[in-house]
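Taking it in order: structure first as structure tokens, then the write-up.
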Amino acid sequence: MEGRQKWAMTVDVDRCIGCQACVIACQSENNIPISDEPLFNQRRAMEWIRIERYWEGEFPDVKARFIPIFCQHCDDAPCEPVCPVYATYHNSEGLNVQVYNRCIGSRLCVNNCPYQVRYFNFWEPEWPESLQNQLNPDVTVRSRGIMEKCTFCIQRIRRTGREAKRDGRKVEDGDRGLNPACVNACPTDTLVFGDVMDPDSRVSKLKEKEMSEDGRGYHLLGSLGTGPNVIYLKKVDEHASGPTHA
Amino acid sequence: MQEHIQLTQKEINRDLLSGVLKSPKWWLPAVLVLLVVFLIGAAAFGYLLNKGLGVTGLNRPVMWGVYLVSFVFWIGISHAGIMISAILRLTQAEWRRPVTRAAEVLTVFSLIAALLSAPLVHEGRPWRAGFPIPWIMPWDFARGIWPNIRSPFVWDPSAILTYLTASSLFIYVALIPDLAILRDRLSGWKSGFYSVLSLGWRGSPRQWKLQAVAGILLSALVLPVFVSVHSIVSWDFAVNIGAEGWHSTIFAPYFIIGAIHSGVAAVATVMVAMVWLWGWDRYLRPDHFDAIGRLLIVVGTTWFFFFFLEFVFAMYTLEGPELAMRDLQVFQYPWSILFVVFLITAFFFPVPMWLLKNVRRSMFWMFVTTLSVNVGMWLERFIIIIPGLLRRQPLVFDWGTYHPSIIEILMVAATFAWVLLGLLIFARIFPLIPLFDIKEGMVGREEIKIGRRKVAASIRE
């Protein structure tokens, strides 16, 4: 066994421009069904990472604020103890994982998730003929009636780990093969992914710097004590109102 | 204390077996109508099974809808049985005698209605959760994974199935002497049917003793279930940190007293229906309604106290999301309307009415008030479950809406049809008022003359 790993991500809200590139990257990497307009109107759209858009101020002095929200991979995840069939559980690398084959679709987990990042397959997912060959062979295509959510692209973590082991090297920090699809797609370097057990990784350094006394880091809905592995870095904007979510 | 009509055993047999020995003329049309409603609901479920949960009004974040409301409601109604037949039996309340069996039958069918309304049908993949491979029951060895006993959805089936088993046994033990009467009165295959069911009952002193002991033992053993079932149902919500307004520590006792409120009210409704449909007014006297009305005043007021406390505790936190949820429940359309209707129907109309003796002794008014309680209690569950899931939390982007779809409404209607159907069919096959229990009451009141004094012929146990 190699050294232990614990995956984490930082989200610099100051850098996010709300371009939704991460959403599209995630959609194609993880075989997420296409969310079209009717599905949005039904409020059943699937986006493992979603950009929440908030307006601030009154016209004409209006500012759009964006915050990407996805599974926080909580250390004390509220979704895990309530699953009757262990479809969602915590793995040894700090990830909150979902086993699709076990899921019976009781939706207790989604009720218990304060971040609303679990998505339920209300309909059988369908892709147009032209996209049939686009599906990622490394990711299960989910059927209707089960729950799914962000996995930190566990298939990429596994593949990189396997290849590194085969070549007898260590997994590099910031390896584009290791990074989740959203991190690779982000044009503004908002998202940083890595192993917090490795003190030299970028995410460890960011965590250490920003979670200190005068840092910008905070946990989303931190008062609930779920211990998320995603750290948000608040906006540096003299006009911004403070982090109301902290 | 209570006015009674002393009846001979012959009269009791004739009156109480009337529903079984011959079919009342309204019976078949009523059963057919209910059957149609039930089958429409079953067809709606078939459609849901075929297309997926997309055909409901559920969405993100409102993942549970009227199915769960219906589930909690029916579990609440099922508390009637235990209250009437176990607690009143142990406290030796005489007026329970004619209603014990109806209450227990109501319990069994409403428990099955609860099972039908949520755990089996509202899963994403019910074929895995329910039949044929119940992954939430601890007997699936093929999968090699024990169910997660920390999950409320593993507690629920255990609690409900325990209650269902206990209630069925209760009904059966109390039925045996009556089954033997039917066996002796019928011929052909019908007699055969009842003789198999009556387990060779001859009415010997030993058999009576065993039957009485079994009844008392079951009453005592079922008492923990009285507390556990609805506590567990409340923990479906109370263990949850995700939805506002759910995670209150007062939920368990609050749900239990609410369940008794709706359950006892439902029994009173059924009692009125028994008088109106079968004409058993010599057995269900104004006295009985008076007694159940007085019980309901206590239960209803206690329930209201808990409801009030739950609100106070919620306001006391002064947490933004909690206050926003309460604001939604009480002040925002359409919840404000539902909230007012709920308060009036569940408490402010019926409870002051019951304070009047004339209302308690009037069948019509008891019917209206107790039905109103259950309208209110259904709304109460709706007002707890849905606004909590609408997520009035800091991430306002995820605030939700919910409208039940026609499929959901049809399936909820089917659960009501199921319970009524169950009661009617049961009453056609078995006597709905326990004959032996009534006779026991009559014998207990018989008096003999010793010299110039009249004294009780028998001494109570």
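Keep in mind it's a predicted model, so treat the numbers as computed, not measured. Throughout, protein chains are lettered first and strands after them, A, B, ... in sequence-line order, and every chain is numbered starting at 1.
Surrounding CD of A/Gln132 are more than 12 heavy atoms belonging to other residues, nucleotides or ligands, all under 6.0 Å away. In B/Phe397, the CZ atom is crowded: over 12 heavy atoms of neighbouring residues, nucleotides or ligands sit closer than 6.0 Å. By the 6.0 Å contact criterion, CD on A/Glu126 is open, its count of non-hydrogen atoms from other residues, nucleotides or ligands being 12 or less.
When the candidates B/Trp64, B/Phe237, B/Trp246 are compared by the number of heavy-atom contacts under 4.5 Å with chain A, B/Trp64 comes out ahead. Counting heavy-atom pairs closer than 4.5 Å to chain B, the top-ranked of the candidates A/Glu80, A/Arg53, A/Arg118 is A/Arg53. Per-residue heavy-atom pair counts under 4.5 Å with chain B were compared for A/Glu124, A/Arg144, A/Met147, and the maximum is reached by A/Arg144. Of all the listed residues (B/His122, B/His247, B/Arg391), the one sharing the greatest number of non-hydrogen pairs under 4.5 Å with chain A is B/Arg391. Most heavy-atom pairs under 4.5 Å with chain B: of the set A/Pro81, A/Cys113, A/Pro78, this distinction falls to A/Pro81. With respect to chain A, the highest number of heavy-atom pairs below 4.5 Å among B/Ile149, B/Asp236, B/Thr56, B/Val62 belongs to B/Thr56.
When heavy atoms are compared at a cutoff of 4.5 Å, B/Val55 approaches chain A by way of both its backbone and its side chain. Only the side chain of B/Leu389 has a heavy atom closer than 4.5 Å to any heavy atom of chain A. B/Leu49 touches chain A through its backbone: at least one of N, CA, C or O sits under 4.5 Å from a heavy atom, while the side chain does not. Contacts between A/Gln116 and chain B at a heavy-atom distance below 4.5 Å involve backbone atoms as well as side-chain atoms. Proximity to chain A is absent for every atom of B/Trp155, based on heavy atoms less than 4.5 angstrom apart. At a 4.5 Å heavy-atom cutoff, the contact between A/Arg50 and chain B is made by side-chain atoms alone. Residue contact with chain B, scored on non-hydrogen atoms closer than 4.5 Å, involves the side chain of A/Tyr119 exclusively. Using a 4.5 Å cut-off between heavy atoms, A/Leu39 makes no contact with chain B at all.
Taking both residues in full, the closest heavy atoms of B/Met63 and A/Phe122 are given as SD-CZ, 3.9 Å, listed atom of the first, atom of the second, then distance. Taking all atoms of both residues into account, the shortest heavy-atom contact from B/Arg125 to A/Ile146 is NE-CG2, 3.2 Å. The minimum heavy-atom distance linking B/Val396 with A/Tyr54 is given by the pair CG2-CE2, 3.2 Å. Taking both residues in full, the closest heavy atoms of B/Ser151 and A/Leu108 are given as OG-CD1, 3.8 Å, listed atom of the first, atom of the second, then distance.
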Practice item. May I have the step-by-step check of side-chain contact (heavy atoms from CB on, under 4.5 Å) for A/Phe120 and B/Arg60, ending in yes or no? Key: CA-CA 8 Å; A/Phe120 185 69; B/Arg60 191 181 65 82; over 6 Å; no
Exercise for review: Give the intermediate values and the outcome of side-chain contact (heavy atoms from CB on, under 4.5 Å) for residues A/Asn112 and B/Ile241.
Suggested key: CA-CA 6 Å; A/Asn112 215 4; B/Ile241 70 159; 4.0 Å; yes
**Study point:** B/Asp398 vs A/Arg43, side-chain contact (heavy atoms from CB on, under 4.5 Å): CA-CA, chis, key distance, verdict
**Key:** CA-CA 10 Å; B/Asp398 302 311; A/Arg43 303 186 61 91; 5.7 Å; no
**Study point:** side-chain contact (heavy atoms from CB on, under 4.5 Å) between A/Ser223 and B/Glu319, worked out
**Key:** CA-CA 11 Å; A/Ser223 62; B/Glu319 282 175 351; over 6 Å; no
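Judged as a salt bridge (charged side-chain N to carboxylate O under 4.0 Å, His left out), and not counting sequence neighbours, B/Arg150 has no contacts.
In this structure, the separation between CG on B/Asn59 and CD on A/Gln42 is 9.0 Å, given to the nearest 0.5 Å.
Using a 4.5 Å heavy-atom threshold, the side chains of B/Pro147 and A/Val85 count as separate. Annotation: side chain of A/Pro84 is in contact with side chain of B/Val154 (closest heavy-atom distance under 4.5 Å).
When atom types are taken as modelled, the side chain of B/Asn148 and the backbone of A/Cys83 share a donor-acceptor pair closer than 3.5 angstrom. Looking only at distances, no side-chain donor or acceptor of A/Arg107 sits under 3.5 Å from a matching main-chain atom of B/Glu123. At distances below 3.5 Å, not a single donor-acceptor pair connects side-chain atoms of A/Trp123 with backbone N or O atoms of B/Leu53.
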